[in-house]
There are 2 protein chains.
Amino acid sequence: MMQPALTKNQSLVFDVLERSDAPLSAYTILDKLRDNGFRAPLQVYRALDKLTEFGMVHRLESLNAFVACAHRESECCGAKSAHGGHGHGTVAFAICDSCGHVFEFHDHTVDHRLDDWSKSKGFKPAKTTIEIRGVCAKCAA
Amino acid sequence: MMQPALTKNQSLVFDVLERSDAPLSAYTILDKLRDNGFRAPLQVYRALDKLTEFGMVHRLESLNAFVACAHRESECCGAKSAHGGHGHGTVAFAICDSCGHVFEFHDHTVDHRLDDWSKSKGFKPAKTTIEIRGVCAKCAA
DNA sequence: ATTGTCTTGTTATGTTATTACATCAATTGC
DNA sequence: GCAATTGATGTAATAACATAACAAGACAAT
């Protein structure tokens, strides 16, 4: 599933996320887009749904917030997700509770171990969340 | 940190969770405890905070809901968490989106890989969330 | 009995997410 | 052309999740 060109609202939301150093809640995004004519949460949530579907944005479950996808295509194993676009098995996040910065990474061994567990139980995984909350090197120093 | 005896509210909340086949939201718990004198969300959230601290209850971030801790002391490697009580490095969850059942497990290899990543980045982890959403064997059949 | 600490009760409010319905624009098939 | 379909948008209202602030009770230690 390759993404089509973004609509106006999708572009606006994505730009806000890309420019941000830290994850943003839907309502924070809404506030930043008031001047662009946004009035209601749904305008944000609808754009976020699509962007997430396209793999351009991730939802951080432990934060109820969203980040632009940060991983470089180049640093990757080359594997494409089932949905096309740039994709890995599962993306993991390390979230600094001090400065808010989000580190995005993936680990094949972890993916493999979780897959093994699922297979052994007959569990059919649809979406996996891995989030480490803590303090980044810079903030810990 | 060993847990003290539970208070009345903590016991009531824990009992509700233990009897449930699926995770419950704080507000669902509140409704189930109306007859026991519960009137406000905070009564539930306060109990949940403590129970979580004691390791008796887990919060499922992708669901905004709570489950009683399901793992047997016996099936474990014996490692105790830093907080005492029964504990592992990180507990992972597989959540059936069809029947709601939650499978709780842990995997040392996964823990180790995530630790390795953290160490390599100087990131100090505080709490790690691993949740697999999908469909369990029974429901997939 | 006074102090300190922990638990509880209560009201109000803040934050996150969705339902329902109307409208508009682009595309397709006839 | 022009209905029919599809997808994006706008708007209001509401649902669902969570916390702040403050008052009061329970209980142990001195």
Side-chain angles (χ1 to χ4, degrees), chain A residues 1-17 20 22-54 56-67 95 97 100 127 129 131 133, chain B residues 1-17 20 22-54 56-67 95 97 100 127 129 131 133:
Chain A
M1 197 274 295
M2 195 72 249
Q3 82 247 36
L6 297 184
T7 67
K8 183 170 162 249
N9 284 3
Q10 287 160 15
S11 294
L12 287 167
V13 168
F14 184 68
D15 285 354
V16 166
L17 280 175
S20 173
L24 299 176
S25 76
Y27 279 76
T28 302
I29 295 169
L30 174 58
D31 286 340
K32 289 182 184 292
L33 290 174
R34 296 266 181 209
D35 293 345
N36 296 274
F38 275 50
R39 319 288 309 272
L42 211 49
Q43 297 176 283
V44 177
Y45 281 109
R46 288 202 272 230
L48 287 171
D49 280 351
K50 287 296 182 187
L51 292 167
T52 300
E53 190 183 318
F54 301 156
M56 301 171 68
V57 163
H58 301 292
R59 176 186 170 83
L60 300 175
E61 300 290 350
S62 69
L63 237 40
N64 294 330
F66 302 83
V67 281
I95 302 163
D97 287 330
K127 177 161 197 301
T129 297
E131 298 178 16
R133 301 285 294 271
Chain B
M1 202 274 293
M2 194 72 248
Q3 83 250 35
L6 297 184
T7 67
K8 184 172 160 245
N9 285 2
Q10 288 159 14
S11 295
L12 287 166
V13 169
F14 184 69
D15 284 354
V16 167
L17 281 174
S20 174
L24 299 176
S25 76
Y27 278 74
T28 302
I29 296 169
L30 174 58
D31 286 340
K32 288 182 184 292
L33 290 174
R34 297 265 181 211
D35 292 345
N36 296 274
F38 275 50
R39 319 290 308 269
L42 215 48
Q43 297 176 281
V44 178
Y45 282 110
R46 288 204 272 231
L48 287 171
D49 281 350
K50 287 296 182 186
L51 292 167
T52 300
E53 191 183 318
F54 301 156
M56 300 171 68
V57 163
H58 301 292
R59 177 187 170 83
L60 300 176
E61 299 290 351
S62 69
L63 238 42
N64 294 329
F66 303 83
V67 281
I95 302 162
D97 288 330
K127 177 160 198 302
T129 297
E131 296 177 16
R133 301 283 295 269

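Labels below follow one simple rule: chain letters A, B, ... track the order of the sequence lines, proteins then strands, and each chain is numbered from 1.
- Listed by chain and residue number, E131(B), R133(B) satisfy the side chain to side chain donor-acceptor pair (under 3.5 Å) test with S62(B) (two or more places apart in sequence, or in another chain).
- Here the C1' atom of nucleotide dC17(D) and the CG atom of L60(B) are 15 Å apart, to the nearest Å.
- The distance between atom NZ of K8(B) and atom C1' of dC6(C), rounded to the nearest whole Å, is 16 Å.
- Atom P of nucleotide dA15(D) and atom CG of L30(B) are separated by 16 Å, given to the nearest angstrom.
- Residues V44(A) and V13(A) come closest through the heavy atom pair CA-CG2, 4.5 Å.
- Residues M56(B) and F14(B) come closest through the heavy atom pair O-CE1, 3.4 Å.
- Among pairs with a residue in residues 30-40 of chain B, those fulfilling side-chain hydrogen bond (donor to acceptor under 3.5 Å, both in side chains) read D31(B)-R34(B), at least two apart in sequence or across chains.
- Annotation for A65(B) and P23(B): closest pair CB-CB, 3.8 Å, computed over non-hydrogen atoms.
- Here the closest non-hydrogen pair linking L17(B) and F66(B) is CD2-O, 3.3 Å.
- Scored by the side chain to side chain donor-acceptor pair (under 3.5 Å) test, R46(B) finds no partners at all (sequence neighbours excluded).
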Output one line per pair: protein atom, nucleotide atom from nucleotides 23-27 of chain D, and distance, for all N/O pairs under 3.5 Å.
none

Is there any protein nitrogen or oxygen under 3.5 Å from a nitrogen or oxygen in nucleotides 16-18 of chain C, and what are the pairs?
residue : atom : partner : partner atom : Å
dA17(C) : OP1  : R59(A)  : NH1          : 2.9
dA17(C) : OP1  : R59(A)  : NH2          : 2.3
dA17(C) : OP2  : Y45(A)  : OH           : 2.9
dA17(C) : O5'  : Y45(A)  : OH           : 3.3
dA17(C) : N7   : Y27(A)  : OH           : 2.6
dA17(C) : N6   : Y27(A)  : OH           : 3.0

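- dA8(D) atom P lies 15 Å from atom CG of L12(A), rounded to whole Å.
- Separating the CG atom of L6(B) from the P atom of dT7(C) is a distance of 11 Å, rounded to the nearest angstrom.
- A search for side chain to side chain donor-acceptor pair (under 3.5 Å) contacts involving S25(A) returns T28(A), not counting sequence neighbours.
- In this structure, CD of Q10(B) is placed 10 Å from C1' of dC6(C), rounded to the nearest angstrom.
- Following rounding to the nearest Å, L33(B) (CG) and dT8(C) (C1') show an atom-to-atom distance of 15 Å.
- Considering only side-chain N and O atoms, T7(A) lies nowhere under 4.0 angstrom from the phosphate OP1 or OP2 of dG7(D).
- Using a 4.0 Å cut-off, some side-chain N or O of Q43(A) falls inside it from OP1 or OP2 of dG10(D).
- Here the C1' atom of nucleotide dA18(D) and the CG atom of L48(B) are 11 Å apart, to the nearest Å.
- Separation of atoms CG (L48(A)) and CD1 (I29(A)) is listed at 4.5 Å; rounding is to 0.5 Å.
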